[in-house]
Amino acid sequence: MKRILIIWTSALLMVFGAASCEKFFDPIPGEQYDLENTFTDRLKTEQFLNNVYSYVPDETDERDSKSIWTAGSIEGDITWSGNFATDWALGTVYPSNGTVNWWYIEYYKGISKASTFITNVDRCLEASASDRKYWKAQARALRALYYFLIFRSYGPSPVLGEEAIPLDTPLSDLLKERSTVDEVINFIADEFDKAAADLPAKYSGSNLGRIDRATCKAYKAKALLYAASPLFNCNEMYADVRNPESGIQLFPQDKSQESAKWERAKEAYEDFFREFGSQYSLQKVYVNGGSQLDFYESYRQAASITNYASNTEQIFVKLVNHDLFSYQVTPYHKDCQDGNMRGGLGFGTSQEMVDLFFTDKGLRIEDDPDYVEYDGIPSAAHYGWDTDYNDPVNPSRNYFKKNTNKTLKQWAHREPRFYVCVTFNGSTWLKTDTNDGEVTTELTFSGNSGYSAASWDTPYTGYGDRKMAPITGRNTSQHCAVLLRLADMYLGYAECLCECGLYGDAIRYVNLIRERAGIPEYGTGTDNNGFTRISYSANRTDVMNRIRRERLLELAYEWNHFFDVRRWKVAGMPQGDGWIYPTYHRGGEGGDLHALNYRANAPEFFEKVVLETRAFDDRHYLFPIPEADIRRNPKMVQNYGWTVAQE
């Protein structure tokens with residue numbers, strides 16, 4: 001049995017282009033255990049499961065070239081050279097590129113190890129039957145998660161069985177063709193169902209970060225949402241993507257089933273809410289413990305990487321220990337005495353994203369009569385502020401100080417989420433209990449965090465990505481990556497309701513998000529915060545526009561934008577529609593990316609310029625299948641638009 005299992009694992013890694021696994025337990029450097037001994041020992045069995053968990057992505061490690069979801073989209077830009085996000089954004093990635101293949105290979109390793117664990121865990125008689133049941137269910141859920149993570153990037157991929165492969169299996173039988181979208185999604189959904197049946201409802205405390213029943217049901221709904229979305233549901237562009245030997249069409253084209261997929265996703269969300277609607281709630285904080293909702297702090301904590309022990313909204317997190325993320329979102333702050341205030345703000349956000357945030361009236365900037373735009377270098381009438389600009393519901397919180405030339409008037413009267421997400425020139429840094437007191441971040445050329453002082457540790461967009469920056473300071477190491485939270489579930493459900501024609505119900509879930517965000521809800525009359533609601537048209541186009549815009553803002557910089565604009569099949573939008581992309585932006589995820597003039601001081605700093613021209617065409621909706629797998633396996637078909645000739 002021992003030899004069969006080893007050959008089975010090695011064969012899978014060979015077929016899918018992965019190097020053979022030299023050791024099973026990454027947390028134990030230098031040690032290696034064979035499968036025969038592993039599953040007779042409780043400690044080693046648990047270590048094997050921990051290693052299966054190790055493939056859950058740490059999305060906060062964005063300085064590493066393995067995570068591109070922020071800077072590979074119009075959400076952001078990395079100033080540091082040698083990163084894969086820039087290569088992807090500029091269109092210099094091909095099927096043979098090692099990094100674009102990395103996720104495919106790594107997640108199949110995780111799948112292989114999960115299957116090995118599922119097959120063998122019941123041999124561990126040192127563990128109780130109850131423990132083995134929970135462990136097996138966790139491994140099953142992890143395997144389903146890894147299939148989903150492959151699916152969202154590469155589309156449908158081969159679904160493997162979990163039984164050991166006999167020694168005399170011909171190599172030709174190990175070379176598998178790609179499964180269809182429906183086969184992959186059905187497998188993922190079924191596996192999450194099986195795992196959920198054996199798992200406790202909700203893990204917490206020392207088990208935080210383990211997959212529980214809530215996580216299974218939430219990810220099942222999200223996987224079905226993806227399958228119902230235009231990229232995967234009757235996408236005519238992919239109609240000719242077929243397995244070469246069998247001729248099987250990978251992407252469904254049956255229009256009669258298009259709506260049924262939305263219904264199925266809707267039901268999965270409802271299944272989650274039936275059981276867990278009262279166990280999770282949007283994170284809310286009140287000013288001085290009173291009745292006034294603190295919109296800024298509520299939203300800041302919702303996706304916080306540090307308050308995971310008490311967060312009411314976070315469904316699935318990965319616990320990690322490094323300060324790479326806190327460094328990349330903390331400005332340089334030259335001459336600050338407190339080292340916790342000093343980082344390298346190499347992650348910038350684009351002018352496009354800044355312009356997507358609503359005003360404090362809950363309106364798009366083009367709909368707000370008090371928002372004044374400018375061309376070229378602005379006059380003095382467009383910048384400066386006569387008084388300290390404080391949070392209107394919590395005046396003890398300062399957004400920026402009185403000034404004559406540090407801030408644009410456009411940065412006042414914006415929604416609270418804007419101040420959580422964006423570090424702009426003249427803004428007050430969020431950590432205020434320092435030897436330096438409240439520190440103003442200056443991103444102009446000569447500013448304390450500008451190019452003259454910080455060089456490549458300043459954002460070349462003129463704006464910094466601020467979301468999830470720890471309020472305790474840059475040296476924060478122990479933290480979590482928030483992979484799924486309740487707001488994501490509300491907005492995913494709203495999409496399904498809209499696609500099923502339930503427009504009023506869809507807006508109700510959008511309004512739950514807007515209420516917490518501190519901007520007027522949609523509808524008529526007065527909302528729970530005392531704001532006058534904003535009217536809307538109860539039709540699919542208007543409601544879906546509002547859902548999508550809300551999702552782009554609520555989940556901004558949380559590694560969703562990259563995938564959302566693709567599954568909506570809008571990432572190649574020729575001209576901005578004013579909802580997903582600003583009207584001036586051309587090319588969707590491609591085209592000119594706009595920024596402030598970071599190489600200048602005010603007022604020239606405020607000129608809106610083109611930072612770079614990005615690449616996007618139809619092939620960029622999905623990553624390419626690794627070229628080595630295409631060459632090795634005649635049953636594999638490449639994704640649309642990716643060919644060897646491009647290399």
Side-chain angles (χ1 to χ4, degrees), residues 137 140-141 144-145 147-149 151-152 156 159 179-199 201-202 211-235 251-282 313 315-316 483-513 538 540 543-544 547-548 550-551 555 560 563-564 567-568:
R140 189 177 299 281
L145 175 62
Y147 273 117
F148 170 64
L149 295 178
F151 179 81
R152 69 176 186 171
V159 172
S179 303
T180 67
V181 166
D182 289 342
E183 288 170 342
V184 173
I185 291 298
N186 287 339
F187 178 81
I188 291 171
D190 289 346
E191 290 292 281
F192 277 133
D193 283 343
K194 291 175 184 176
D198 288 338
L199 285 170
K202 188 177 178 182
I211 286 189
D212 48 31
R213 188 160 70 248
T215 306
C216 289
K217 291 195 172 187
Y219 267 117
K220 174 187 174 181
K222 191 163 185 175
L224 292 172
L225 172 72
Y226 271 61
S229 298
L231 182 64
F232 301 106
N233 189 5
C234 297
N235 182 355
F251 292 81
Q253 301 295 314
D254 186 354
K255 289 285 187 179
S256 69
Q257 296 301 308
E258 189 173 12
S259 296
K261 291 184 180 351
W262 285 109
E263 288 284 354
R264 185 184 182 193
K266 180 175 78 71
E267 291 170 2
Y269 277 99
E270 290 167 351
D271 185 40
F272 172 85
F273 291 130
R274 271 192 299 271
E275 182 170 1
F276 297 103
S278 61
Q279 296 193 43
Y280 292 93
S281 61
L282 294 179
E313 181 169 349
I315 298 171
F316 187 54
L483 301 179
L484 188 60
R485 62 185 178 94
L486 187 62
D488 188 336
M489 297 298 289
Y490 281 169
L491 293 168
Y493 185 42
E495 276 190 58
C496 296
L497 290 167
C498 181
E499 291 289 358
C500 293
L502 301 171
Y503 306 125
D505 290 340
I507 286 294
R508 184 164 66 88
Y509 280 87
V510 174
N511 282 342
L512 291 174
I513 302 299
R540 182 195 176 280
V543 172
M544 188 58 77
I547 294 170
R548 289 176 172 179
E550 206 67 45
R551 186 175 178 89
L555 302 179
N560 278 276
F563 300 104
D564 284 337
R567 68 179 178 83
W568 295 334

Inset, instruction - Grab the two heavy atoms, one from Ile185 and one from Ala223, that are nearest each other, plus how far apart they are. - result: CD1-O, 3.8 Å
Legend entry - Closest non-hydrogen atom pair between Pro230 and Asn235, with its separation: O-CB, 3.4 Å
Legend entry - For Trp568 against Glu495, the heavy-atom pair lying closest together: NE1-OE1, 3.2 Å
Legend entry - Side chain proximity check, Ile211 to Leu199, heavy atoms < 4.5 angstrom: yes
Legend entry - Any donor-acceptor pair under 3.5 Å from Lys194 side chain to Arg140 backbone: no
Legend entry - Ion pair check, Asp488 and Arg485, cut-off under 4.0 Å: no
Legend entry - Ring centre gap for Phe232 and Phe151 strictly below 6.0 Å: yes
Legend entry - Heavy-atom side-chain contact between Phe251 and Thr180 under 4.5 Å: no
Legend entry - Shortest non-hydrogen separation from Val184 to Ser179 and the atoms involved: CG2-CB, 3.8 Å
Inset, instruction - Taking the six-membered ring for Trp and the single ring otherwise, decide whether the centroids of Phe273 and Tyr490 are under 6.0 Å apart. - result: yes
Legend entry - Aromatic ring proximity, centroids under 6.0 angstrom, Phe192 and Phe148: no
Inset, instruction - With rounding to the nearest 0.5 Å, note down the distance linking CG in Leu484 to OH in Tyr219. - result: 5.0 Å
Inset, instruction - Could you pull out the closest heavy-atom pair between Glu258 and Asn233, with the gap in Å? - result: O-ND2, 3.1 Å
Inset, instruction - Please round to the nearest 0.5 Å and tell me the distance separating atom OH of Tyr493 and atom CG of Leu486. - result: 13.0 Å
Inset, instruction - Check for a donor-acceptor pair, side chain of Trp262 on one end and backbone N or O of Ala228 on the other, with a separation under 3.5 Å. - result: yes
Legend entry - Minimum-distance pair of heavy atoms, taken over all atoms of Ala137 and Ala195: O-CB, 3.3 Å
Inset, instruction - Would you please test Lys266 and Glu263 for side-chain contact (heavy atoms from CB on, under 4.5 Å) and show each step? - result: CA-CA 5 Å; Lys266 180 175 78 71; Glu263 288 284 354; 3.3 Å; yes
Legend entry - Reported CD1-to-SG distance for the pair Ile188 and Cys216, which is rounded to 0.5 angstrom: 12.5 Å
Legend entry - Separation of Leu555 CG from Glu550 CD (nearest 0.5 Å): 9.5 Å
Legend entry - Distance in Å, Arg567 CZ paired with Leu231 CG, rounded so as to fall on 0.5 Å steps: 10.0 Å
Legend entry - Charged tip of Lys222 within 45° of Phe272 ring normal and under 6.0 Å: no
Legend entry - Residues Asp182, Lys261: salt bridge by 4.0 Å N-O rule: yes
Inset, instruction - In plain terms, say whether Glu499 and Arg540 are close enough for a salt bridge, that is, a side-chain N and a carboxylate O under 4.0 Å apart. - result: yes
Inset, instruction - Determine the sole option in Asp564, Leu225, Ile513, Asn560 for which the side chain to side chain contact (heavy atoms under 4.5 Å, CB included) test with Leu491 is passed. - result: Ile513
Inset, instruction - Decide, yes or no, whether a salt bridge links Arg264 with Glu267 under the criterion of side-chain N to carboxylate O below 4.0 Å. - result: no
Inset, instruction - Working to the nearest 0.5 Å, report the span between CE of Met489 and CD of Glu313. - result: 12.0 Å
